[in-house]
Each structure stands twice: as C-alpha cells, then as structure tokens.
There are 2 protein chains.
Amino acid sequence: MTAIKESSTRNENKEMSINACPVSYVMNKIGGHWKPIILYQLMSGPKRYNELRRAIPTITEKMLIQHLKQLQADDLVTRTAEPVVPPFVTYALSSVGESLTPVMEAIANWGFAQTGR
Amino acid sequence: MTAIKESSTRNENKEMSINACPVSYVMNKIGGHWKPIILYQLMSGPKRYNELRRAIPTITEKMLIQHLKQLQADDLVTRTAEPVVPPFVTYALSSVGESLTPVMEAIANWGFAQTGR
DNA sequence: ACAAGTACTTACCCTAAAGTATGTATCCAT
DNA sequence: ATGGATACATACTTTAGGGTAAGTACTTGT
C-alpha cells in the first residue's frame with residue numbers, strides 16, 4: 001500500500017502539524033483529492049463498490065479502494081461483504097463518519113455561499 | 001510560481017471535482033498541508049510575516065509566502081505593507097476569510113471530539 | 001466457449017507539491 | 001565594517017500521491 005519512508009522532513013512536519021493544529025488533524029482524515037468526494041457520496045446512503053465507481057466516473061479503481069481502505073482504517077466508513085458469488089460489498093458511513101455530516105455540510109454551505117449557489 | 005501543466009489528467013480531474021463536489025471546492029481553498037495552519041494562526045488576529053514564521057516553526061519561508069500569496073489570490077487574507085524600512089508587513093483575514101471562522105471552528109471541534117480534547 | 005459482471009490487486013510511471021539552499025535590499029547597533 | 005533584523009525571491013532536488021494498464025477468481029447468461 002505505497003510504503004511510507006518513515007523519516008522524510010515531509011512526514012515529520014505532517015506529524016507535528018497533526019498534533020499542533022486541530023484543523024490539520026481533520027484535514028488528514030477528510031482532506032485530499034478523493035476522500036471528500038467519496039464521503040459526500042456516502043452521505044446520501046450506503047453504496048456498493050460499483051455504485052461508487054459509477055457515481056464518481058473519473059476515479060480509478062486503485063484510488064477508490066485505496067481511499068476506502070484508508071477511510072475504514074480511520075473508522076469513518078464500514079465495509080460489509082455478503083458471502084455470496086458474485087460478491088456483494090456495501091460501504092457506509094460509520095457512526096463517526098455520520099458525526100462528520102454537519103461538518104461536511106458546513107463546509108459545503110460555505111462553498112455554495114462563495115460560488116453563489 | 002510553479003507553472004502548471006494545463007492538461008494533465010490530474011488537473012482535469014481536479015477541475016471536474018471542484019464543479020461536482022462542493023466540499024472538494026472548499027478543500028482547494030483551505031486544504032493542503034499548510035493553508036489550514038496559516039488560517040488557524042490568523043484567526044487569532046493579524047500577524048506580521050515573521051510572527052507567522054515563529055508561530056509555525058516547521059514551515060519554510062518558501063512555503064509561507066507561496067501560500068500567503070495563494071490565500072491572497074483567493075481573497076481569504078489581506079496584506080498591508082507600511083512603506084518603512086525595515087519593512088512592516090501585516091497579514092490578516094479578509095472578510096471572506098473571517099466568514100470561514102465558524103467553518104474552521106466546526107472542523108476543529110470535530111477534531112477535538114475525536115481525539116478527546 | 002466466451003463475454004460480462006462482481007470486487008478487488010499489483011507493478012510501473014509521472015507530476016505537483018513540498019523541501020534545501022542561497023541570494024536580495026535596506027536600515028540600525030555595535 | 002560586520003552582523004542582525006526586516007520581507008521576500010529563485011534555482012534545484014526529492015517524494016508522496018495519483019494515473020495507466022493489466023491480471024485474479026468465481027458465476028451467470030448466450
């Protein structure tokens with residue numbers, strides 16, 4: 001999973017920031033290119049893997065699972081796989097993920113206010 | 001200012017996301033490594049260039065001015081230079097920047113709730 | 001027999017963002 | 001005249017994140 005060189009200045013700074021700035025901490029969980037988009041999709045309800053793919057046409061499969069895994073590791077989304085063939089895997093917001101909803105909405109609303117609609 | 005290769009898949013995806021996902025739009029303004037930290041510092045009042053440096057010891061000068069310029073271009077912060085020698089330059093949140101305060105606080109509070117304080 | 005759908009995995013490459021290092025101009029204090 | 005403080009600028013390198021492409025395993029439909 002794209003191994004991390006554990007002692008670049010870059011990562012040290014990241015660690016520091018996460019501890020020093022509460023906003024920075026949150027950005028590491030919901031920031032980046034794809035995570036907010038995935039979370040935004042899941043806010044409208046649980047979705048299957050391929051539903052997410054189709055909902056976000058420009059995302060690659062690699063990025064989708066990579067971030068879904070990260071979001072699971074951060075306890076923001078849950079994965080439920082029904083043991084059938086063909087596979088039936090559903091992703092949903094965890095309770096922690098749900099608690100993000102008002103925050104995400106606050107962010108989105110500011111965006112709407114800025115862009116006019 | 002680090003010229004942008006205007007037609008990589010990367011940038012096309014970025015453009016698309018900004019239009020499709022309101023959260024993504026906001027992330028482009030306040031996301032990234034340093035911007036939230038700088039904004040968080042300015043939320044406690046205007047600061048001089050070197051005050052910011054000292055408040056964020058791990059940031060390099062390059063990153064600091066680069067992001068300050070970007071934040072100015074996005075109308076989130078203002079720069080006021082008194083024409084004296086030695087220079088006296090103050091950075092502050094613009095009115096738009098101020099309007100971000102509740103959003104940033106919502107984010108920070110969620111972070112605090114998650115980390116326990 | 002073969003394509004299509006499910007949900008991934010893996011190897012390799014490219015680039016934007018961040019880091020390193022050094023330079024600029026002006027003034028004041030020692 | 002040398003060093004420190006102010007607020008930057010600019011060339012050069014590194015790396016983490018993202019993109020490309022192809023493969024896996026199992027089943028249903030034609």
Side-chain angles (χ1 to χ4, degrees), chain A residues 1-18 24 27-28 31-38 46-72 77 79-91, chain B residues 1-17 24 27-29 31-38 46-72 77 79-91:
Chain A
M1 208 193 249
T2 48
I4 1 103
K5 202 170 192 179
E6 73 295 304
S7 197
S8 54
T9 315
R10 211 123 151 201
N11 266 299
E12 282 163 21
N13 278 355
K14 204 168 181 178
E15 292 294 318
M16 297 232 57
S17 305
I18 287 169
S24 200
M27 288 303 175
N28 259 273
H33 210 60
W34 296 113
K35 279 195 236 163
I37 302 172
I38 296 170
K47 298 225 169 11
R48 294 184 62 177
Y49 176 80
N50 270 7
E51 281 187 280
L52 283 172
R53 280 208 60 196
R54 280 186 285 264
I56 313 167
T58 50
I59 202 171
T60 61
E61 302 199 66
K62 185 197 168 196
M63 283 298 106
L64 185 51
I65 29 123
Q66 191 173 102
H67 285 113
L68 282 172
K69 282 188 175 177
Q70 189 60 58
L71 291 167
Q72 283 175 75
V77 315
R79 191 193 102 114
T80 29
E82 260 132 273
V84 292
V85 161
F88 193 99
V89 178
T90 312
Y91 290 92
Chain B
M1 207 193 249
T2 51
I4 1 102
K5 201 170 193 179
E6 72 295 303
S7 197
S8 56
T9 316
R10 211 126 154 199
N11 265 299
E12 283 163 19
N13 278 355
K14 204 168 181 176
E15 291 296 317
M16 297 231 58
S17 305
S24 200
M27 288 301 174
N28 260 276
K29 298 223 152 184
H33 211 60
W34 295 112
K35 280 194 235 162
I37 301 173
I38 296 170
K47 296 223 170 11
R48 294 182 64 176
Y49 175 79
N50 269 6
E51 282 187 281
L52 284 172
R53 278 208 64 195
R54 282 187 285 264
I56 314 170
T58 51
I59 202 170
T60 61
E61 301 199 67
K62 186 197 168 195
M63 285 298 105
L64 184 52
I65 31 123
Q66 191 173 104
H67 286 112
L68 282 172
K69 281 188 176 176
Q70 189 60 57
L71 291 167
Q72 282 175 77
V77 314
R79 191 193 101 115
T80 29
E82 260 132 273
V84 292
V85 159
F88 194 99
V89 178
T90 313
Y91 291 93

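The sequence lines fix the lettering, A, B, ..., with proteins before strands; numbering per chain opens at 1. All values below were derived from every heavy atom in this structure, side-chain atoms included, with hydrogens, water molecules and symmetry-related copies excluded.
Residues Arg10(A) and Trp34(A) each lie close to DNA chain D; by heavy-atom proximity, the contact nearer the 5' end of the strand is made by Arg10(A).
Among residues two or more places apart in sequence or in another chain, the side-chain contact (heavy atoms from CB on, under 4.5 Å) test is passed with Ala55(B) by Gln41(B). Every residue meeting the salt bridge (charged side-chain N to carboxylate O under 4.0 Å, His left out) condition with Glu61(A), not counting sequence neighbours, appears here in chain and number order: Arg53(A).
Regarding contacts with the backbone of dG17(D), every side-chain N or O of Lys14(B) stays at 4.0 angstrom or more from both OP1 and OP2. Between Asn11(A) and dA16(D) there is a side-chain N or O to OP1 or OP2 distance below 4.0 Å. One finds a side-chain N or O of His67(A) lying less than 4.0 angstrom from the OP1 or OP2 phosphate oxygen of dG18(D). Distances shown here put every side-chain N or O of Asn13(A) at or beyond 4.0 Å from the OP1 or OP2 atom of dA18(C). Contact between the side-chain N/O atoms of Thr9(A) and the OP1/OP2 oxygens of dT20(C) is found at a separation under 4.0 Å. A close approach under 4.0 Å does not occur between any side-chain nitrogen or oxygen of Tyr49(A) and OP1 or OP2 of dT9(C). Close to dT6(D), at under 4.0 Å from its OP1 or OP2, lies a side-chain N or O of Arg54(B). For the pair Ser8(A) and dG19(C), the criterion of a side-chain N or O lying under 4.0 Å from OP1 or OP2 is not met.
Nucleotide dA21(C) holds its C1' atom 16 Å from the CD atom of Gln66(B), rounded to whole Å.
At the heavy-atom level, Lys35(A) lies nowhere under 4.0 Å from the strands shown. If you check every strand for non-hydrogen atoms under 4.0 Å, Arg79(A) touches sugar and phosphate atoms only.
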Could you encode protein contacts along nucleotides 21-30 of chain D as a string, one character per nucleotide from 5' to 3', using B for base contact, S for sugar-phosphate-only contact and - for no contact, with a heavy-atom cut-off of under 4.0 Å?
-----SS---
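A heavy-atom distance below 4.5 Å is not found between the side chains of Ile59(B) and Ile37(B).
Checked by atom type and distance alone, the side chain of Glu51(B) pairs as donor or acceptor with a backbone atom of Arg48(B) at under 3.5 Å. With hydrogens and angles disregarded, no donor-acceptor distance shorter than 3.5 Å links the side chain of Lys14(A) to the backbone of His33(B).
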